[in-house]
There are 2 protein chains.
Amino acid sequence: MSDEAKQTDSCVDFGILNSLLGYRLRRAQMNFFSKFSEVCSDLGISPGLFAVIAIVDRNPGLTQTAVAQALGNDRSAMVAAVDKLEQMDIIERRAAKNDRRSYALFMTKSGEQFFSTLSNRVMEHEKAMAQRLKSDKEVDWLLDALDLLAKD
Amino acid sequence: MSDEAKQTDSCVDFGILNSLLGYRLRRAQMNFFSKFSEVCSDLGISPGLFAVIAIVDRNPGLTQTAVAQALGNDRSAMVAAVDKLEQMDIIERRAAKNDRRSYALFMTKSGEQFFSTLSNRVMEHEKAMAQRLKSDKEVDWLLDALDLLAKD
DNA sequence: TATTGTTATACTCTATAACTATA
DNA sequence: TATAGTTATAGAGTATAACAATA
């Protein structure tokens, strides 16, 4: 490898990208995503599926559309997700009481146990990442800042 | 709509998701992404293409592989990106001096002008988002925090 | 008419493997 | 043998449109 080529290895000027929240958000999120996958891939759970489980766990009886709206997804994306989670015996569809068009989503018994294990893993990962910041105060501050940037 | 169903609209408990940096990062990044698209879609530039242009603008003569490594992408993804940017007369491939396998990437004259316009738009968008935070100090702090979370 | 779940579809982004021409 | 660019391909994620059953 020539010296000229070697320059390209680590001396790249990121210019405007360095000052862009959007770019840094993307890099940070991509890192979180890949780390999450490492931690949870053997359990067959992606970040998206984790979010669905977390919502159903805390809000038993929600419809598929309601979960989709909460997560900012389209209803059509819920079908495959709930199919998979039902196949894994984590979530179950039950006929809704007042509306025969919709299903109510509930955790199964084994699903609750699974989510407990899963949450512990995710929290460990989260803890390791949060420790890169100086204090718990800074983590809270970051959570608030990200919330501001997520709105509309 | 029944009262029972109405509950699902905005009274969803996000549980553990609320305290997860990973989830909030995802929501914030998705918002940035869609806003960026609104601002730049008429120019035919996605966040990914913008990053490529920004790197080439500041580092003329880099190879495709070097740009890919800087951005954390695979080389194969660069082909279509550079094809499009070359078609738009923003970037051009030139034969590399010492290595006939590789191209050196450079901005075209019109590309530099285009990037100037583009950067102004992106900076406006960025400014609007940054103003959601309390001060410039907080923005700098956030940039540093995101940088910490993006590493390995 | 409007809404729920569903299906089909497509589009983007991304990663992998294999090929070629060079090194 | 190793690397740069390329191609083909496949997977995940996401969004749109249309349909049947139901409201």
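All of these numbers come straight from a predicted model, not from anything done at the bench. Side chains are part of it too, since the values below use all heavy atoms of this structure and drop only hydrogens, waters and symmetry mates. The sequence lines fix the lettering, A, B, ..., with proteins before strands; numbering per chain opens at 1.
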Shortest side-chain distance from A:Asp99, nucleotide among D:dA23, C:dT6, D:dG5: D:dA23
For atom OH of B:Tyr103 and atom C1' of C:dT22, their distance in whole Å: 12 Å
Atom-pair distance (CE on A:Met78; P on D:dA15), nearest Å: 13 Å
Polar side-chain atom of B:Arg121 near backbone of B:Cys40 as donor-acceptor pair, under 3.5 Å: no
Nearest-angstrom distance from the residue atom CD of A:Glu86 to C1' of C:dG5: 13 Å
Taking every non-hydrogen atom, the tightest pair across B:Ile45 and B:Met88: CD1-CE, 4.1 Å
Check ion pair B:Arg132-A:Asp147 (N to O, under 4.0 angstrom): no
Nucleotide D:dG5, atom P - distance to CD1 of B:Ile91 in whole Å: 13 Å
Nucleic acid footprint by protein, nucleotides 8-21 of chain C - heavy-atom cut-off 4.0 Å, B for base, S for sugar-phosphate alone: -----SSBB----B
Under 3.5 Å: donor-acceptor pair, side chain of B:Asn59, backbone of A:Asp13: yes
Presence of B:Thr65 side-chain N/O under 4.0 Å of D:dG5 phosphate oxygens OP1/OP2: yes
Atom-to-atom span, CZ of A:Arg93 to C1' of C:dT4 - whole angstrom: 12 Å
Spacing between A:Asn98 atom CG and C:dT3 atom C1', to the nearest angstrom: 15 Å
Check: A:Arg24 side chain, A:Ser19 main-chain N or O, donor-acceptor pair, under 3.5 Å: no
Flag, side chain of A:Thr108 to backbone of A:Asp89, donor-acceptor distance under 3.5 Å: yes
